[in-house]
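Quick note: residue numbers are just sequence positions, from 1.
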Amino acid sequence: MASADPVLVPFACLVTTGLVGGLSARNPGAPRTTLVQMISVVVPFTAGAFSDGQPWFLPLCAMAPLYLVAVAAVSRRLHADYVTLLCTERALRHQALHCGLTGLPNRTYFNQVLTAVSAGRKDGRKHAVALLYLDLDGFKLVNDTYGHAAGDVLLQQVAIRLRDVIMVTDVIARLGGDEFAVLLTGRRAASAERVAGAIIAAVSLPYYLGQGTLASIGVSIGIAECDSCISDNHVLLVHADRALYKAKKRGKGTFHRVRFFRDDDGRTERAIAQCEAAGR
């Protein structure tokens, strides 16, 4: 611009316009950084045009800041739309992977965790895993007696108590209805019975459902545990469900534990009962 060359001046105008517009469109996530970059392009352009002293350059000097302000406004608008899009995407992802009533992860999320654990084992990161399958005892009676609203309140309070019992490293999920699951990995897997006992004790406490209504329920738990030789952790869910059925068959408020292992021939996987215990 300072040279007033008839070839360089139009080229400088085109380059400045393209750079400023491109920066605004390609960087919606960092509007302040984009503004600094645009200023670093427009200021030398304006200074060169002004220093030459050509009369017809003066309108360009006046238009350059206005163009910068307009493009900066567009950048801020793009930034707002970008943030809204990210927030919406995050909310939809959370909604797809969590229970809307209790806020706990849902079955889809839990299956993803099981898949990730299986993938880790295939990569050589092997560790013990214990899966606790929970089913509430007496929930249907409360739901039928006091209504679905009271049942929803009860499920929310159960979710809070389960969160208080487990550790941050544990994974808890609501699989549907009155069924929940807890995944313990590593050294925590050895504490499956202790965790099951703590869950039974916490869930068995009375619940206040509003309007002077108190209700009591219980929980039965099936525990399936495996060591590092098992490659498909989804099989754990099946054996935990069977263990839950045996626990409910023997009486409410109990847990039944099985250990899942691979035979010596390395081809057959089966489960044997390790213990049956009352939760109280």
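Other residues, nucleotides and ligands contribute only 12 or fewer heavy atoms inside 6.0 Å of the OH atom of Y82. K252 NZ: 12 or fewer foreign heavy atoms inside a 6.0 Å radius. Shown here is Q112, whose CD atom has more than 12 heavy atoms of other residues, nucleotides or ligands within 6.0 Å. Remark: R77 CZ is loosely packed, at most 12 non-hydrogen atoms of other residues, nucleotides or ligands lying under 6.0 Å away.
With contacts defined as side-chain heavy-atom distances shorter than 4.5 Å, the pair V195/R188 qualifies. Taking the side chain as every heavy atom from C-beta outward, L162 and L134 approach each other to under 4.5 Å. V153 is not listed as a side-chain neighbour of Y146, based on a closest heavy-atom distance of 4.5 Å or more. Taking the side chain as every heavy atom from C-beta outward, F180 and L136 approach each other to under 4.5 Å. No side-chain heavy atom of T34 sits under 4.5 Å from any side-chain heavy atom of H79. With contacts defined as side-chain heavy-atom distances shorter than 4.5 Å, the pair T185/T169 does not qualify. Counting heavy atoms from C-beta outward, V142 and L209 have side chains that approach closer than 4.5 Å.
Here the closest non-hydrogen pair linking D5 and L8 is OD2-N, 3.1 Å. Between A130 and A192, the shortest heavy-atom distance links the atoms CB-CB, 3.9 Å. Scanning both residues, Q157 and Y208, for their nearest heavy atoms gives NE2-O, 2.7 Å. Taking each heavy atom of F110 and A181 in turn, the nearest pair found is CZ-CB, 3.7 Å. Taking all atoms of both residues into account, the shortest heavy-atom contact from A224 to A240 is CB-N, 3.6 Å.
In this structure, L131 CG and I223 CD1 are separated by 10.0 Å, a value rounded to the nearest 0.5 Å. Distance CZ/R161 to CD1/I166: 15.5 Å, rounded to 0.5 Å. To the nearest 0.5 Å, atoms CD1 (I39) and CD (Q37) are separated by 10.5 Å. Rounding to the nearest 0.5 Å gives a distance of 6.5 Å between CZ of R107 and CD of E179. Note that NZ of K248 and CG of D137 are 4.0 Å apart. Values are rounded to the nearest 0.5 Å. Rounded to the nearest 0.5 angstrom, I172 CD1 and I199 CD1 are separated by 6.5 Å.
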Check: Should F45 and V15 be marked as a side chain to side chain contact (heavy atoms under 4.5 Å, CB included) after you check the CA-CA gap, both sets of side-chain angles, and the distance that decides it?
Finding: CA-CA 10 Å; F45 172 84; V15 170; over 6 Å; no
Margin query: What verdict does the side chain to side chain contact (heavy atoms under 4.5 Å, CB included) test give for I217 and V158, after you've listed the backbone C-alpha separation in whole Å, the side-chain angles of each residue and the deciding distance to 0.1 Å?
Written below: CA-CA 10 Å; I217 61 171; V158 169; 4.0 Å; yes
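L154 and V165 fall within the same hydrophobic cluster, where Ile, Leu, Val, Met, Phe, Trp and Tyr residues are linked whenever their side-chain heavy atoms come under 4.5 Å apart, directly or through other members. By the criterion of side-chain heavy atoms lying less than 4.5 angstrom apart, applied directly or through intervening Ile, Leu, Val, Met, Phe, Trp or Tyr residues, I200 is not grouped with I160; the two fall into different hydrophobic clusters. Y245 and L132 are assigned to two separate hydrophobic clusters, defined by single-linkage of ILVMFWY side chains at heavy-atom distances under 4.5 Å. Taking hydrophobic clusters as Ile, Leu, Val, Met, Phe, Trp and Tyr residues chained together by side-chain heavy-atom distances below 4.5 Å, V71 does not share a cluster with V36. At a threshold of 4.5 Å between side-chain heavy atoms, the hydrophobic network of Ile, Leu, Val, Met, Phe, Trp and Tyr places L141 and L155 in two separate groups.
Evaluation of the ring-ring contact (aromatic ring centres under 6.0 Å, His included) rule for Y109 yields H98 as partners, not counting sequence neighbours.
The list of salt bridge (charged side-chain N to carboxylate O under 4.0 Å, His left out) pairs with a residue in residues 143-157, not counting sequence neighbours, reads K140-D144. Counting only residues at least two apart or in different chains, side chain to side chain donor-acceptor pair (under 3.5 Å) contacts with residues 11-30 are absent.
Under a 3.5 Å cut-off, the side chain of R174 and the backbone N or O of L104 do not form any donor-acceptor pair. Counting only distance, with no hydrogens or angles, the side chain of T102 and the backbone of C99 share no donor-acceptor pair below 3.5 Å.
Screening L236, L237, V182 for a side-chain contact (heavy atoms from CB on, under 4.5 Å) involving Y133 leaves a single residue, L237.
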